[in-house]
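Structure first, then comments.
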Amino acid sequence: MGRPRPTARRTSRSRQPATRARPRKRSSTISTVRKSELRPMLDIRLIAHDPETFARRLLRRGKGVDLEDLLALDRRRRELIARGDELRHDKSKAEEAMRAADKQSDVFTRFREEMRVVALSIRACETDFEAVLAAMDEHLMLLPNLPDDAAPDGASAEQNPILRVVGQKPSFDFTPKDHTELGEALGLLDFERGTKITGARFTVYRGAGARLERALISFMLDTHTGEHGYTEILPPFLVNHASMRGTGQFPKFQEDAFLLERDGLVLVPTAEVPVTNLHRDEIFEPSALPVAYAAYSPCFRREAGAHGRDTKGLIRQHQFQKVELVMFTTPEDSERAHEALTGHAESILERLGLHFRRVDLCTGDLGFSAARTYDLEVWLPGQNAYREISSCSNFRDFQARRAAIRYRPEGAKKNALVHTLNGSGLAVGRTVVAVLENYQQADGRVRIPEVLLPYMGGLTHLG
RNA sequence: GGAGAGGUGGCCGAGCGGUCUAAGGCGCUUGAUUCGAAAUCAAGUGUGGGGCGACUCACCGUGGGUUCGAAUCCCACCCUCUCCGCCA
């Protein structure tokens, strides 16, 4: 029997004596793409068990779902499993007899002819099964995560409740400039040449501008690793398709990614992808959780649906830098971890002395994979607006199911899915925007926030 | 990029067409022994699917093929190691 059921594709046998999940040394789980494919994003058993409740919870996102096809496919799937198992069982019994039988005997020959037919039935059964799985997958892969019960109802961003406000808008006795103007005037940002050497939405940082970006990255990583307990990761900036599926970007959002078709690789849209997938196909010992990582990476996004939006400046680039926080927790712990992680991101803004607010994304504004999301919006005087600078989400078991990231609950017989979380801590490009616009002076120069001074090589002002 | 070797359970490692429901060792868990421990002895110890359950099915890098039957044979691919070349 060639084709195992989809979940049986996993070969992770990682029972670890150590406290950390680890890939097997020579295992192919790292390299193979197929294992993590064909995994539902939502638990089909949960859906089948109570489709009404499931549909009602999903409806909070604003779009109705029709589960009839899916449920019918699931019934068909079970039938095929039962039939296939039965056929295989009978066949292996027959083969047991054949082992013992005289290979020249009529009995043997008759068995062989019979089994030749059974083998064909099994193969047909498997083909059907594969087709059913593929069809189910198509449904499941496109179903977004269930919103957390605590997520506020609402249709769009306008309905996101503001949970807290920190600091206040700076007052200027002059008209504050936009970061584009400041960056160009002070020789920090070169938008024109970015466009020349690459294209629209690419920018060159220069001199103290480049230094500021680097200082922010270091400051953020130092704070998260030194004070918030994160382990620093520097991941690959190219990932395979299995990783993109693991965190939920693929297959639905292929349009948003830069693909290297020839090599089957994708430029990371966020460090969330490589870092969460570090533990794809792995099982944690419960004592190892929670696991917290902080990772710097550039982020590459095609911004497919954003034509004409934020065309000026650093706000919306095809490449930007980000420090990302990623956590793996037990289900009981993820809500607490979500608050903590968001607090860690906020602490960067507070230390930089930037005014911001935290909003609770309503069900209609929630991302595809997220169950609950807090956005941090920083005040930008040059835009006269709050702009998202961090997005902190709890995915609950959505990504974990997809990426097969499990743990061994204390005393339990079966392994369970972990919860994954992540958040920007922070988007560096937008932080540069915030620093430039909030710290600008009447003389056109920009003061460097105190916490960054140790990273700026003696500079106290830009310009 | 060229040449060679190899991918088997938490780890090491045997197996090379049918008692593989994968030998053996190490590790781990539990029990016996002990005042306690070490040593020793015994049992257990992968992942996932289906079933209320008894139970059953799949998985030996991945995919495909041959066969009544594949960890074992054939093909393709991926990855690892060694040497050479190139290179930050």
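Each chain gets a letter, A, B and so on, in the order its sequence line appears, and its residues count up from 1.
Relative to the side chain of A:Glu95, the nucleotides B:G48, B:G51, B:G69 differ in distance, and B:G69 lies closest. You'll find that the side chain of A:Ser92 is closest to B:C57, out of B:G48, B:G69, B:C57. The side chain of A:Lys91 has B:C68 as its nearest neighbour among B:U47, B:G49, B:C68. Closest contact between the side chain of A:Ile283 and the listed nucleotides B:G49, B:C68, B:U47 involves B:U47. Distances from the side chain of A:Met98 to the nucleotides B:G51, B:C68, B:U56 place B:C68 closest.
One atom, CG of A:Leu80, and another, P of B:A58, lie 16 Å apart when rounded to the nearest Å. In this structure, CD1 of A:Ile122 is placed 11 Å from C1' of B:G69, rounded to the nearest angstrom. Atom pair A:Phe284:CZ and B:U47:P shows a separation of 16 Å (rounding to whole Å applied). Between the CD1 atom of A:Ile81 and the P atom of B:G50 there is a distance of 6 Å, given to the nearest Å. In this structure, the CG atom of A:Asp263 is 16 Å from the P atom of B:C77, given to the nearest Å. The distance from atom CZ of A:Arg408 to atom P of B:U29 is 13 Å, rounded to the nearest whole Å. Distance CG (A:Leu133) to P (B:C57): 20 Å, rounded to an integer number of Å. Atoms CD (A:Glu96) and P (B:C20) sit 11 Å apart, rounded to a whole Å.
Residue A:Arg116 places none of its side-chain N or O atoms closer than 4.0 Å to OP1 or OP2 of B:U67. Of the side-chain N and O atoms in A:Lys414, one or more sit less than 4.0 angstrom from OP1 or OP2 of B:G49. Put simply, A:Arg83 has no side-chain N or O that comes within less than 4.0 Å of OP1 or OP2 on B:G51. The side chain of A:Arg112 contributes no N or O atom lying less than 4.0 Å from OP1 or OP2 of B:G69. Contact annotation: A:Arg77 does not reach the phosphate of B:G49 (side-chain N/O to OP1 or OP2, under 4.0 Å). The phosphate of B:G50 has OP1 or OP2 within less than 4.0 Å of a side-chain N or O from A:Arg45. Distances shorter than 4.0 Å separate some side-chain N or O of A:His89 from OP1 or OP2 on B:C57. The side chain of A:Arg123 places an N or O atom within less than 4.0 Å of a non-bridging phosphate oxygen (OP1 or OP2) of B:U66.
Checked against A:Leu212 for a side chain to side chain contact (heavy atoms under 4.5 Å, CB included), the options A:Leu452, A:Val428, A:Leu188 give a single hit: A:Leu452.
Counting only N and O atoms by type, the side chains of A:Thr127 and A:Arg123 include no donor and acceptor under 3.5 Å apart. For A:Gln399 and A:Thr420, the side-chain atoms include at least one donor-acceptor pair closer than 3.5 Å.
For the C1' atoms, the distance from B:C77 to B:A58 is 23 Å, rounded to whole Å. Rounded to whole Å, the P atom of B:C75 lies 15 Å from the corresponding atom of B:G6. Separating the C1' atom of B:C16 from that of B:A23 is a span of 15 Å, rounded to the nearest Å. Taking the P atoms as reference points, B:G51 lies 35 Å from B:A43, given to the whole Å. Annotation: B:G17 and B:G85 have their P atoms spaced 41 Å apart (nearest Å). Comparing the C1' positions of B:U56 and B:U67 gives an interatomic distance of 25 Å, to the nearest angstrom. Rounded to a whole angstrom, the distance from the P atom of B:G27 to that of B:C81 is 28 Å. When the P atom is compared between B:U62 and B:C68, the two are found 25 Å apart, to the nearest whole Å.
Under the Watson-Crick and G-U wobble criteria, each requiring two contacts below 3.5 Å, nucleotide B:C52 is left unpaired. If you check B:A71 for Watson-Crick or wobble pairing at under 3.5 angstrom, you find it has no partner at all. Searching all strands for a Watson-Crick or G-U wobble partner of B:C83 with both distances below 3.5 Å returns B:G2. Nucleotide B:G36 forms a pair with no other nucleotide shown, judged by Watson-Crick or G-U wobble geometry with both contacts under 3.5 Å. Under the Watson-Crick or G-U wobble criterion, with both distances below 3.5 Å, B:C20 is left unpaired in every strand shown. Nucleotide B:U30 is matched to B:A42 when pairs are restricted to Watson-Crick or G-U wobble geometry with both distances under 3.5 angstrom. Both distances falling under 3.5 Å, in either a Watson-Crick or a G-U wobble arrangement, place B:G7 opposite B:C78. Nucleotide B:U47 forms a Watson-Crick or G-U wobble pair with B:A58, both donor-acceptor distances falling under 3.5 Å.
Shown here is A:Gln104, whose CD atom has no more than 12 heavy atoms of other residues, nucleotides or ligands within 6.0 Å.
Applying the salt bridge (Lys or Arg N to Asp or Glu O under 4.0 Å) test to residues at least two apart or on different chains, none of the pairs has a partner in residues 194-206 of chain A.
Between A:Met115 and A:Glu86, the residue anchored nearer the 5' end of RNA chain B, judged by the nucleotide with its closest heavy atom, is A:Glu86.
Of all the heavy atoms in A:Ile233 and A:Pro235, the pair that sits closest is O-CD, 3.6 Å.
Looking at heavy-atom distances under 4.0 Å, A:Ala82 makes no contact with the nucleic acid at all.
Between the side chain of A:Arg402 and the main chain of A:Arg245, a donor-acceptor pair closer than 3.5 Å is present.
The salt bridge (charged side-chain N to carboxylate O under 4.0 Å, His left out) check on A:Asp128 picks up A:Arg76, with sequence neighbours excluded.
For a distance-only test at 3.5 Å, the side chain of A:Asn415 fails to qualify as a donor-acceptor partner of the base of B:G48.
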